[in-house]
*Asks:* 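Here it is, the structure, as structure tokens.
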Amino acid sequence: MVYEDAFKISVATLRQSNCQGYGYDLYIPNLIRNYLCEHEHVTGPDAERQLPKLSPLFYEAAWELCRRGIIRPGVRVFGEQATSDGSAGNGYSVTGFGRTWLAESHADEFIPTEPERFGQMIAPFKSKFGAGFHSRAQEAVRCYGAHAYLACCAMCGAAAESILLALAIAKLGDETKVLGTYAAAGGRGRIENAIIGQADADVQREFKGFTVLMKYWRDEAGHGKASTISDNEAYTSLALMLRFAQYAGDRWKTLTT
């Protein structure tokens, strides 16, 4: 088991409300015992021996849920039973925001959207596409985790534009000129044309397949009008942004020659 597994188990358990105890919505020892019984078929003294080994991962998951504002330490309401063990870090209750978050889409259980895991996936591209790409990609996944789907799409679009700039600078060899062109009216289109305007049809089709939806989500998020961007689009935007980075990295020489 790794931290991300413990996080997903904790979220699923909170949604099922089946690990309450002593006045808490989430009692960590009960959560671990429930996991061992249902998934590892370990009970009784054997389960108790496993508690110290697994507890650091679940404590870390609980802290991340607290950091996001989904749970908080302490009992549900005044007057509920409390224990010194629960007050020492084993007892938590769901916040008002947490109830809304837990009731929303379950899609975030199936994508590696924890900053640590996602960071491992984008880390190889930081040196090639720059700190701007890396920071925006990280912001995108944090927005997704907070269910801020519009912001997630905006950051994915910004990360994709960082890839465009890195490719153009590598191809043209003049960062000042590239940034000046990018900042001017219609600059994004001219930058894209500089990269693939003379490429063969297959390369142009593949490249535009990645950028067309990114441009839509980026523009949609940048305007002041009401938006219908949902978790499904944000989920796809994250996956597409990562795949675009992989594509550009794999074809770096073709795109920059």
Side-chain angles (χ1 to χ4, degrees), residues 111-113 115-146 148-225 227 229 233-257:
I111 189 171
T113 52
E116 295 80 5
R117 181 71 60 89
F118 194 82
Q120 293 172 7
M121 298 175 73
I122 66 171
F125 307 110
K126 183 177 181 180
S127 60
K128 191 173 291 292
F129 302 133
F133 164 79
H134 188 260
S135 63
R136 285 163 174 78
Q138 292 282 29
E139 287 293 324
V141 76
R142 289 190 176 96
C143 289
Y144 186 90
Y149 302 126
L150 180 62
C152 173
C153 288
M155 287 297 100
C156 284
E161 291 190 1
S162 293
I163 296 175
L164 286 177
L165 288 174
L167 289 168
I169 291 168
K171 185 166 187 174
L172 301 177
D174 188 337
E175 181 175 356
T176 301
K177 180 179 179 181
V178 168
L179 294 178
T181 300
Y182 174 75
R188 184 171 57 192
R190 291 201 295 273
I191 290 294
E192 184 173 313
N193 185 64
I195 297 170
I196 61 169
Q198 302 301 316
D200 62 48
D202 289 339
V203 171
Q204 291 191 31
R205 184 176 61 254
E206 285 184 304
F207 193 89
K208 290 181 179 179
F210 287 111
T211 60
V212 64
L213 285 178
M214 285 291 185
K215 288 188 287 188
Y216 162 70
W217 285 324
R218 178 79 160 91
D219 293 344
E220 181 79 2
H223 295 153
K225 64 181 181 180
S227 173
I229 286 178
E233 289 179 298
Y235 180 100
T236 303
S237 185
L238 273 176
L240 189 60
M241 182 264 291
L242 179 60
R243 185 67 190 92
F244 184 34
Q246 293 169 336
Y247 169 84
D250 290 343
R251 291 160 179 78
W252 179 264
K253 186 174 180 180
T254 299
L255 294 170
T256 60
T257 300

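Please read these numbers as outputs of a predicted model, since none were measured by experiment. Numbers here are sequence positions counted from 1.
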*Asks:* Taking only residues two or more places apart in sequence, or in another chain, which ones meet Ala199 in a side chain to side chain contact (heavy atoms under 4.5 Å, CB included)?
*Replies:*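 For Ala199 the side chain to side chain contact (heavy atoms under 4.5 Å, CB included) partners, ignoring immediate neighbours, are Ile196, Val203, Gln204.
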*Asks:* Strictly by salt bridge (charged side-chain N to carboxylate O under 4.0 Å, His left out), give each pair with a member in residues 191-200 just once, sequence neighbours left out.
*Replies:*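 Applying salt bridge (charged side-chain N to carboxylate O under 4.0 Å, His left out) to every pair that reaches into residues 191-200, excluding sequence neighbours, yields Glu192-Lys215.
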*Asks:* Return all side-chain donor-acceptor pairs below 3.5 angstrom for residues 169-177, not counting sequence neighbours, or 'none' if the list is empty.
*Replies:*
{"from": "Lys171", "atom 1": "NZ", "to": "Ala194", "atom 2": "O", "distance (Å)": "3.3"}
{"from": "Lys171", "atom 1": "NZ", "to": "Ile195", "atom 2": "O", "distance (Å)": "2.7"}
{"from": "Asp174", "atom 1": "OD1", "to": "Thr176", "atom 2": "N", "distance (Å)": "3.3"}
{"from": "Asp174", "atom 1": "OD1", "to": "Lys177", "atom 2": "N", "distance (Å)": "3.1"}

*Asks:* What do the steps show when you test Cys156 against Leu240 for side-chain contact (heavy atoms from CB on, under 4.5 Å), and what is the final call?
*Replies:* CA-CA 9 Å; Cys156 284; Leu240 189 60; over 6 Å; no
*Asks:* Step by step, work out the side-chain contact (heavy atoms from CB on, under 4.5 Å) result for Glu206 and Arg251.
*Replies:* CA-CA 11 Å; Glu206 285 184 304; Arg251 291 160 179 78; 4.0 Å; yes
*Asks:* In Å and rounded to the nearest 0.5 Å, what is the CZ to CG distance from Phe244 to Leu164?
*Replies:*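 That separation rounds to 5.0 Å.
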*Asks:* About how many Å separate OG of Ser237 and CE of Met155, when rounded to the nearest 0.5 Å?
*Replies:*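 Between Met155 CE and Ser237 OG, I get 10.5 Å after rounding to 0.5 Å.
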*Asks:* If I take atom NE2 from residue His134 and atom CD from residue Glu139, how far apart are they, to the nearest 0.5 angstrom?
*Replies:*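 Separation between the atoms: 11.5 Å.
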*Asks:* Drop me the distance from Cys152's SG to Arg142's CZ, to the nearest 0.5 angstrom.
*Replies:*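 The SG atom of Cys152 sits 12.5 Å away from the CZ atom of Arg142.
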*Asks:* Hey, what do you get for CZ (Phe129) to CD1 (Ile122), rounding to the nearest 0.5 Å?
*Replies:*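 Those atoms lie 11.5 Å apart.
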*Asks:* Which atom names give the shortest non-hydrogen contact between Val141 and Gln138, and what distance separates them?
*Replies:*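 Heavy-atom minimum between the residues: CG1-O, 3.2 Å.
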*Asks:* Evaluate the side-chain contact (heavy atoms from CB on, under 4.5 Å) criterion for residues Leu255 and Phe207: first the C-alpha distance (whole Å), next the side-chain angles of each, then the deciding distance (0.1 Å), finally the verdict.
*Replies:* CA-CA 9 Å; Leu255 294 170; Phe207 193 89; 4.1 Å; yes
*Asks:* Examine Tyr235 together with Tyr149 and report whether their ring centres are nearer than 6.0 Å.
*Replies:*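 No, ring centres 6.0 Å or more apart.
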*Asks:* Restricting to side chain to side chain contact (heavy atoms under 4.5 Å, CB included), what partner residues turn up for Ala146, sequence neighbours left out?
*Replies:*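 Result, side chain to side chain contact (heavy atoms under 4.5 Å, CB included) vs Ala146: none returned.
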*Asks:* Can you give me the closest heavy-atom contact between Ala234 and Tyr144, atom names plus distance?
*Replies:*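 In this case the closest contact between Ala234 and Tyr144 is CB-CD1, 3.8 Å.
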*Asks:* Measure the shortest side-chain to side-chain distance between Leu165 and Phe133 over non-hydrogen atoms and say whether it is less than 4.5 angstrom.
*Replies:*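 They are not in side-chain contact.
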*Asks:* Within the distance-only criterion (no hydrogens, no angle test), does the side chain of Arg136 pair as donor or acceptor with the backbone N or O of Gly132 below 3.5 angstrom?
*Replies:*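 Checking the backbone N and O of Gly132 against the side chain of Arg136, a donor-acceptor pair under 3.5 Å is found.
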*Asks:* Checking Asp250 now: which residues fulfil side chain to side chain donor-acceptor pair (under 3.5 Å) with it, not counting sequence neighbours?
*Replies:*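 So Asp250 forms no side chain to side chain donor-acceptor pair (under 3.5 Å) with any residue.
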*Asks:* Nearest heavy-atom pair of Leu238 and Ala140: which atoms, and what distance?
*Replies:*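 Looking at all heavy atoms of both residues, the closest pair is CD2-CB, 4.0 Å.
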*Asks:* So, using side chain to side chain donor-acceptor pair (under 3.5 Å) as the criterion, who are the partners of Arg190 when residues are at least two apart?
*Replies:*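 Partners of Arg190 by the side chain to side chain donor-acceptor pair (under 3.5 Å) criterion come out as none, since no residue qualifies.
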